Colleague: 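Next up is a structure, given as structure tokens.
Bear in mind the structure is a predicted one, so any value in this text is a computation, not a measurement.
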Amino acid sequence: MCGIVAFLGNDDATRYLVGGLQRLEYRGYDSAGVALVHADGAGDTYFEVVKREGKVSNLEAALPKEPNGAGPCRLGIAHTRWATHGVPSDVNAHPHLSQSGRIAVVHNGVIENFAALRESLERKGYKPVSQTDTELLAHLIEDVQREGKLPLDAAVRLALTQVQGAFGVAIVSLDEPGTLIGARKGSPLIMGVADPDGSAGGGSFFLASDASAVVEHTRNVVYFDDSEMVVIREGIGYEIMTLENVQLTKCVQQLELTLAQIQKGTYKHFMLKEIMEQPDALRNTMRGRIHCNELTVPEIRFGGLEPLMDRLSEARRFVFCACGTSWHAALVGEYLIEQLAGINVEVEYASEFRYRNPILTKRDREEDVVFVMSQSGETADTLAAAQYARGKGLLAIGICNVVGSSIARETDAGIYLHAGPEIGVASTKAFTAQIMCLTMLALKLARARGVMSEENFRAHISELEALPGKMQEIFEQGDKILDMSRVFRYASNFLYMGRGYNFPVALEGALKLKEISYIHAEGYAAAEMKHGPIALIDQFMPVVVIAPRSDATYDKLKSNIQEVLARRGSVIAITESDNDELDGQCEYVIKVPRVTDFLTPLLTVIPLQMLSYYIADMRQCNVDQPRNLAKSVTVE
């Protein structure tokens, strides 16, 4: 959601700002803009503000081809907006200026006391021209600065203490044309520091909401925590402080991300690339964690969890909090951990968790542990769930993909997926990497609790290590899935059904289809079909049934298929490669390699991802950037 890029350095800012915005397009947005600080021949400064509804390409086309002013612009801020307050438009796009036109602001997040601030500022004579909450921030900073006759950094700091809600901001002023200020609370922000001999030139600095915006120019970054602010001054450097003006020292860290990882290569879309990367993603998720050979006792190690394993294995209950695809992965985890390790698990929507006053227990040897899962590590509701749990004194464990993300920093311990960057808005490889992590955790807990023999544990580890190769076999059916997609791209509705471990996969398959093809789709536990959804089935209703023979309810799933066929529904079945029972009954049958029942979600989801991708592509949808969606949901 929304993207911030800012630059202060020894080179023309425009190319860095536009290039950074292009790297952030995957996050989802509806408009884009830049504010460039120029100086004329007399040394007077002025803003060049260009904003356009729609894609970054619209903004790029509107920018002047030659630099304005006496020389290249060395300072600027830029933004991609995902609308919260006010419709997508040129006027509502960021950056926003203060009433005098001398302060420019870009902002991610939501200002919750927006109405009160607007009323207060209007009483003082300020006249907002947009519908946004962000414009009020520009006016507020100016008001604080005028009343206190303060320098920019002090005015920003004091103004932000009046703001309720979430923000990541970058701010510049014509009165201090060599200063760039950034701050965050509940919305991510990092600073990139260019190497002296780097491509951006010595003494160059970036602010960004996502590392992908800066990795092309530097891998040296500083991560900011909530209520922290940075002031960067040309020719001097930077200082970091809290919003209470406590000076801080923070380490410069090296990004693990590389430019090649966030490029499509030869693939048409990032989503297709990421589907095809899943075998390697699973190998990377397992790498260094599985230790198994004939001479030693097999084990699974999670570096961040090892000191806590006694508490985890003795826990009364695990509570998983997540949103969207991560919530579906957590549901698979519920089945895995309860059935393999015998620990009670509850799965909560993170958005509901802290608002319903959940009953949580913390007693010695009988405590609840809260797990929070998010691909980006920045999902606002999930991050808030972690903070809520820690505020109650509970152990909070994070499972995320992005190193250095807010969830990674604000939990007691955690697991990184190591799936590699995921650029497509519709999550694919993060889902399977999350399930792999949860499978390994369930097996590790089963051994720690003494409920699984070494023989079975060793056999399951061998199956895990073979999964990437089996996943690769499914891609060989790409042409068959492509042919199916030519038929079903005209459908208006889909039903997905599964049971047990594959019930959450049915939910995920439906989510993938609706996200990127805009076809209405719903997932159900197959036994629930007769409790309502069966009323929808006719000859125009495709029904996907995940029916592996290894499922304990396979015979009941066959009955569900017959019930759909009796109502002239079209059935797409997902089953194992050695099961021919469904071939003559269903319109299409997609087969996956046979594995133990609890590993089937890692394979059955692959054809569903491919089906969604091909249908969306044939419908000429924007697969990587579906309408109204954002990759990282950083507001509630």
Colleague: Using a strict cut-off of less than 4.0 Å between a Lys/Arg side-chain nitrogen and an Asp/Glu carboxylate oxygen, indicate whether Lys250 and Asp225 qualify as a salt bridge.
Modeller: yes

Colleague: State, to 0.1 Å, how close Gly404 and Tyr223 come at their nearest heavy-atom pair, and which atoms those are.
Modeller: O-CD2, 3.5 Å

Colleague: Could you check whether any side-chain heavy atom of Arg287 comes within less than 4.5 Å of a side-chain heavy atom of His418, counting everything from C-beta outward?
Modeller: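 No, their side chains stay 4.5 Å or more apart.
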
Colleague: Out of curiosity, Gln263 CD to Lys273 NZ, how far, rounded to the nearest 0.5 Å?
Modeller: 8.5 Å

Colleague: For a quick test of reading the model, state the closest non-hydrogen atom pair linking Ser212 to Tyr26 and the distance between them.
Modeller: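 Looks like OG-CE2, 3.6 Å.
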
Colleague: Measuring from atom CD1 of Ile407 to atom CD of Gln387, what distance do you get when rounded to the nearest 0.5 angstrom?
Modeller: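 Result: 9.0 Å between the selected atoms.
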
Colleague: Would you confirm whether Asn10, through its side chain, and Ser204, through its main-chain N or O, come within 3.5 Å as a donor-acceptor pair?
Modeller: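 Absent.
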
Colleague: Would you please test Leu36 and Leu17 for side-chain contact (heavy atoms from CB on, under 4.5 Å) and show each step?
Modeller: CA-CA 10 Å; Leu36 305 169; Leu17 298 177; 3.6 Å; yes

Colleague: Start with the C-alpha gap between Leu207 and Ile181, add the side-chain angles, then the distance that decides, and say whether side-chain contact (heavy atoms from CB on, under 4.5 Å) holds.
Modeller: CA-CA 9 Å; Leu207 293 177; Ile181 294 178; over 6 Å; no

Colleague: Search all heavy atoms of Ala329 against all heavy atoms of Phe431 and return the closest pair with its distance.
Modeller: N-CE1, 3.5 Å

Colleague: What is the minimum heavy-atom distance between Thr218 and Asn220, and which atoms define it?
Modeller: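 It is OG1-N, 3.0 Å.
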
Colleague: Give a yes or no on whether a salt bridge exists between Asp226 and Arg184, defined as a side-chain N under 4.0 angstrom from a carboxylate O.
Modeller: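 Salt bridge flag = yes for Arg184 with Asp226.
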
Colleague: Any side-chain heavy-atom pair from Ile399 and Leu417 closer than 4.5 angstrom?
Modeller: yes

Colleague: Is there a donor-acceptor contact under 3.5 Å linking the side chains of Asn92 and His85?
Modeller: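 Checked: Asn92/His85 side chains show no N/O donor-acceptor pair below 3.5 Å.
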
Colleague: Nearest heavy-atom pair of Pro177 and Val37: which atoms, and what distance?
Modeller: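 Distance-wise, the nearest heavy atoms are CB-CG1, 4.1 Å.
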
Colleague: Under the side-chain contact (heavy atoms from CB on, under 4.5 Å) criterion, do Leu464 and Met436 qualify, and how do the steps go?
Modeller: CA-CA 8 Å; Leu464 284 184; Met436 176 58 80; 3.8 Å; yes

Colleague: Looking only at the side chains, is there a donor atom on one of Tyr29 and Glu25 sitting less than 3.5 Å from an acceptor on the other?
Modeller: yes

Colleague: Might you point out which heavy atoms bring Asp30 and Ala83 nearest each other, and give the distance in Å?
Modeller: OD2-N, 2.7 Å

Colleague: Is there side-chain contact between Ile615 and Phe494, with at least one heavy-atom pair below 4.5 Å?
Modeller: yes

Colleague: Could you check whether the rings of Tyr588 and Phe488 sit parallel, tilted or perpendicular, using 30° and 60° as the cut-offs?
Modeller: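 The rings of Tyr588 and Phe488 stand perpendicular, inter-plane angle above 60°.
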
Colleague: Classify the ring geometry between His269 and Tyr613 as parallel (under 30°), tilted (30 to 60°) or perpendicular (over 60°).
Modeller: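 Answer is perpendicular, since the angle exceeds 60°.
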
Colleague: Going through the distances and angles, do Asn502 and Thr600 end up as a side chain to side chain donor-acceptor pair (under 3.5 Å)?
Modeller: CA-CA 7 Å; Asn502 285 292; Thr600 55; 3.0 Å; yes

Colleague: Salt bridge or not between Glu515 and Lys512? Use side-chain N to carboxylate O under 4.0 Å.
Modeller: yes

Colleague: Rounded at 0.5 Å granularity, tell me how far OG in Ser187 sits from CG in Asn108.
Modeller: 4.5 Å

Colleague: Rounded to the nearest 0.5 Å, how far does CD1 of Ile275 lie from CD of Gln609?
Modeller: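 If we round to the nearest 0.5 Å, Gln609:CD and Ile275:CD1 are 5.0 Å apart.
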
Colleague: Would you say Ile516 and Pro626 make side-chain contact, with heavy atoms under 4.5 Å?
Modeller: yes

Colleague: If you apply the rule side-chain contact (heavy atoms from CB on, under 4.5 Å), what do you find for Ile423 with Asp624, and how did you get there?
Modeller: CA-CA 8 Å; Ile423 305 300; Asp624 287 333; over 6 Å; no

Colleague: Applying side-chain hydrogen bond (donor to acceptor under 3.5 Å, both in side chains), can you list everything that pairs with Asp280, at least two apart in sequence or on another chain?
Modeller: Arg283

Colleague: Are side-chain N/O atoms of Ser406 and Glu378 paired as donor and acceptor at under 3.5 Å?
Modeller: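 Short answer, yes.
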
Colleague: Let me confirm one number: the OH-OG1 distance from Tyr501 to Thr604, rounded to the nearest 0.5 Å.
Modeller: 13.0 Å

Colleague: Are Thr132 and Arg81 side-chain neighbours, meaning at least one heavy-atom pair lies under 4.5 Å?
Modeller: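 SC-SC contact between Thr132 and Arg81 confirmed.
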
Colleague: Please list all pairs passing the side-chain hydrogen bond (donor to acceptor under 3.5 Å, both in side chains) test where one or both residues lie in residues 423-435, with sequence neighbours left out.
Modeller: Glu277-Lys429, Gln278-Thr432, Ser326-Gln434, Glu422-Ser427

Colleague: Could you state the interatomic distance from CE (Met286) to CD1 (Ile290), rounded to the nearest 0.5 Å?
Modeller: 5.5 Å

Colleague: Carefully, step by step, assess Asp483 and Arg486 under the rule salt bridge (charged side-chain N to carboxylate O under 4.0 Å, His left out).
Modeller: CA-CA 5 Å; Asp483 289 340; Arg486 292 191 176 97; 2.6 Å; yes

Colleague: Would His217 and Tyr16 satisfy side chain to side chain donor-acceptor pair (under 3.5 Å), going step by step from the backbone distance to the final call?
Modeller: CA-CA 9 Å; His217 310 295; Tyr16 296 108; 5.1 Å; no

Colleague: Between the side chains of Glu216 and Arg23, is the shortest nitrogen-to-carboxylate-oxygen separation below 4.0 Å, so that they form an ion pair?
Modeller: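 A salt bridge is present here (some side-chain N lies under 4.0 Å from a carboxylate O).
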
Colleague: For atom OH of Tyr490, is the number of surrounding heavy atoms from other residues, nucleotides or ligands below 6.0 Å larger than 12?
Modeller: no

Colleague: Is it true that the NZ or CZ of Arg627 lies under 6.0 Å from the centre of Tyr518's six-membered ring and within 45 degrees of the ring axis?
Modeller: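 Satisfied, under 6.0 Å and within 45°.
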
